[in-house]
Amino acid sequence: MALMIYNTLTRQTAPFEPLKPGEVSIYVCGPTVYADSHIGHAMSALVFDVVRRYFEWSGYRVRHVMNFTDVDDKIIRRANEQGRDPMELADSYATTFLEQLAALNILPATAYPRVSTTMPQIVAFIEGLIVKEAAYPAPNGDVYFSVRGDADYGKLSRRDIDDMRSGSRIAPGEDKDDPLDFALWKAAKPGEPAWDSPWGKGRPGWHIECSAMSLHELDAQIDIHGGGNDLIFPHHENEIAQTESLTGQSFAQVWMHNGMLQLAGEKMSKSLGNLVTIEEFLQHHSADVLRMLVLTSSYRAPLTYTADVVADTERKIERLMSALRPATGGLAEGAAADSLSVVVAKTRAAFRVAMDDDFNSAAALATLFELVRAINTSRDAGLSGATFEAGQATLRELAAVLGLRLEGAPVSQTAAAPFIELLIELRADLRLAKQWALADSVRNKLAALGVTLEDGPNGTTYEVKKLTNQAE
RNA sequence: GGCGACAUAGCCAAGUGGUAAGGCAGUGGUCUGCAAAACCGCGAUCCGCGGGUUCGAAUCCCGCUGUCGCCUCCA
């Protein structure tokens, strides 16, 4: 059973074959760090984290590169507004983003290159393009890529050069031979950070960084290049043009693009201002919630984000976690054990089939929910011991492939724990004495404080829900 | 205007030729002093609308309507 991946370049789903056996190279476009990152950025990182985890679980060695754009017009403008140094501002947002990725249980990439630290490779890349006559320096100190010189330009976004509206305009100060051409290098303007180059002081255009970083950190040819589908044009189109013009080889063999996160029916974006930052989200919800939200639908489709959906997602996680509660019975084998074992084996196979189908995480989750039911059923039947624990271990293992932690609030570490337990003891006495009104009153008042009591056959358990958000 | 996606039950959503996964919500039941949790049962005769191809279509083709993305910075 082969892993199938949808490739934007071919618009088809095809079996994945790595360029080098047993190894996968992935380059994912990261954010421009000029403001707080929002959960749309997190969605993209989560999608490719799942891809990465599934490859690793399947036995591949993964080389995973994510860049930071830390030299950019918006960074410079923002820094000037705030009277800060542009590089310091970018570094600060990049550091925060890395911390948030960790908080979201996203595995660290193999490398996080930045424009500012890749300058020699970028300059060399541009020089190479000029030598190949794919690019030309302009009198004003800019360097442009010759789009019309690139025969297959437009193959990723399926655009015809002559249909492009943007082709009709040249911005003030530009010095292009052709309006379609885009900047590889921009001559320095007063008050901007600038680097030395054969064409004078200046800084790179946006697209060249990813071509240079990918070549530098990975290889001329890579397996997968990823990013949001808003990057297909012009960013990824231009990356292909640059890299393939320089190397003469095809660049990424598979192009993967995630859909946009939709807030109130629109793409969440910094320029629209309709955003929920990662920080805001994590103040109210656990990392698993955002991940589950992403996993529930196809990574390629737009993701609906509303308060209702978030609330539903919280419940889904509780449902998954319900299977991780301890056994309550004392049966180690029998019919319950046998049927659980069957479901465990089925789940493992079905999970792989689902993920092999272009990382169909929604279908993969469905298999986990079936396992949850089987585990709970076996617990109700009194199963405990090795088979029961193996079922739970499988659930944890497969959930971890998706990056779900499935950790509850650390109840035992709550400062209130001894007092809650004391109340439960007292209430047990009240129940023995059939003092139902008082016993219910204790339960209701604790519930109002965020402590949920559940009376089971082997005593009362409790969960702390909202005493604190910091526990997340 | 050009290019590209998408439209499945109250909500989210999988499913790309063989007769509709899963979750949430709702609802009936088992269990419980009650409740909660868990478990069992119930929900689209139908997949935006209209045509067509096919023995057979949510799935393929054409048209229409609607939503979204890109064409300028964007995960």
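Convention: sequence-line order gives letters A, B, ...; per-chain numbering from 1. Both backbone and side-chain heavy atoms feed into the values below; hydrogens, waters and symmetry mates do not.
With sequence neighbours left out, the salt bridge (Lys or Arg N to Asp or Glu O under 4.0 Å) criterion links A/R114 to A/D91. Residues that satisfy the salt bridge (Lys or Arg N to Asp or Glu O under 4.0 Å) test with A/D380, not counting sequence neighbours, are absent from this structure. Contacts of A/F388 classified as ring-ring contact (aromatic ring centres under 6.0 Å, His included), with partners at least two apart in sequence or in another chain: none. Every residue was checked against the ring-ring contact (aromatic ring centres under 6.0 Å, His included) condition with A/Y299, not counting sequence neighbours, and none meets it. Remark: A/V401 engages A/Y54, A/W57, A/F351 in a side-chain contact (heavy atoms from CB on, under 4.5 Å) (not counting sequence neighbours). By the salt bridge (Lys or Arg N to Asp or Glu O under 4.0 Å) test, A/K445 pairs with no residue at all, sequence neighbours left out. For A/E397, the salt bridge (Lys or Arg N to Asp or Glu O under 4.0 Å) criterion is met by A/R348, not counting sequence neighbours.
Under the 30°/60° scheme for interplanar angles, the aromatic rings of A/H225 and A/Y27 are found to be tilted.
The separation between A/N7 atom CG and B/A5 atom P is 14 Å, rounded to whole Å. As a whole-Å value, the separation of A/E314 CD from B/C12 P is 18 Å. Whole-Å rounding puts the A/R158 CZ to B/G2 P distance at 19 Å. Between the CE atom of A/M292 and the P atom of B/C12 there is a distance of 17 Å, rounded to whole Å. Atom CE of A/M43 is separated from atom P of B/G69 by 14 Å (rounded to the nearest Å).
With a cut-off of 3.5 Å on both Watson-Crick or G-U wobble distances, the partner of B/C64 is given as B/G48. With a cut-off of 3.5 Å on both pairing distances, B/U19 has no Watson-Crick or G-U wobble partner at all. When both distances must be under 3.5 Å, the Watson-Crick or G-U wobble mate of B/A9 does not exist. Here B/C70 sits opposite B/G2 as a Watson-Crick or G-U wobble pair (both hydrogen-bonding atom distances under 3.5 Å). In this entry B/C31 has no Watson-Crick or G-U wobble partner, no candidate having both defining distances under 3.5 Å.
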Please set out all donor-acceptor pairs under 3.5 angstrom arising from side-chain atoms of residues 359-375 of chain A, sequence neighbours excluded.
residue, atom, partner, partner atom, Å
A/N360, OD1, A/A362, N, 3.4
A/N360, OD1, A/A363, N, 3.0
A/S361, OG, A/L295, O, 2.7
A/T367, OG1, A/A364, O, 2.5

Validation: residues 29-51 of chain A side-chain donor-acceptor distances under 3.5 Å, sequence neighbours left out:
residue, atom, partner, partner atom, Å
A/H38, ND1, A/G40, N, 2.9
A/H41, ND1, A/H38, N, 3.1
A/S44, OG, A/N258, OD1, 3.0
A/D49, OD1, A/L107, N, 2.9
A/D49, OD2, A/R53, NE, 2.8
A/D49, OD2, A/R291, NH1, 3.0
A/D49, OD2, A/R291, NH2, 2.8

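Nucleotides B/U32 and B/U16 have their P atoms positioned 45 Å apart, rounded to a whole Å. Rounded to the nearest Å, the gap between the C1' atom of B/A5 and that of B/G52 is 24 Å. Taking the C1' atoms as reference points, B/G10 lies 35 Å from B/G33, given to the whole Å. With C1' as the reference atom, B/A44 and B/A13 are 14 Å apart, rounded to whole Å.
Heavy atoms of A/H38 sit under 4.0 angstrom from at least one base atom. Using a 4.0 Å heavy-atom cutoff across all strands shown, A/N376 reaches sugar-phosphate atoms only and no base atom. Among the protein residues, A/I232 comes within range of no part of the nucleic acid, since none of its heavy atoms lies under 4.0 Å from any strand. When heavy atoms are screened at a 4.0 angstrom cut-off, A/L293 is found touching no nucleic acid atom at all.
Of the residues in residues 99-110 of chain A, none has a non-hydrogen atom less than 4.0 angstrom from any atom of RNA chain B.
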Look for any protein N or O under 3.5 Å of an N or O in nucleotides 32-35 of chain B and output each such pair with its distance, or none.
residue, atom, partner, partner atom, Å
B/G33, O6, A/R431, NE, 3.2
B/G33, N1, A/D440, OD1, 2.9
B/G33, N2, A/D440, OD2, 2.7
B/C34, O2, A/R443, NH2, 2.6
B/C34, N3, A/R443, NH1, 2.9
B/C34, N3, A/R443, NH2, 3.1
B/C34, N4, A/R443, NH1, 3.4
B/C34, N4, A/D455, OD2, 3.0
B/A35, N6, A/D455, O, 2.8
B/A35, N1, A/D455, N, 3.1
B/A35, N3, A/R443, NH1, 2.9

Are any protein N/O atoms closer than 3.5 Å to N/O atoms in nucleotides 23-26 of chain B? If there are, list each pair with its distance.
residue, atom, partner, partner atom, Å
B/G23, OP1, A/R373, NH2, 2.7
B/C24, O2', A/D312, OD1, 2.6
B/A25, OP1, A/R315, NE, 2.8
B/A25, OP1, A/R315, NH2, 3.2

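For the residue pair A/N80/A/R77, the side-chain donor-acceptor check at 3.5 Å is not satisfied. Checking A/E209 against A/T69 by side-chain atom types alone, a donor-acceptor pair falls below 3.5 Å.
Summary of the strand contacts: A/T306 and A/G227 both lie near RNA chain B, and taking for each the nucleotide with the nearest heavy atom, the more 5' one is attributed to A/T306. Between A/L303 and A/E318, the one whose closest nucleotide on RNA chain B sits nearer the 5' end is A/L303.
Between B/A75 and A/N229, no contact under 4.0 Å exists linking OP1 or OP2 to a side-chain N or O.
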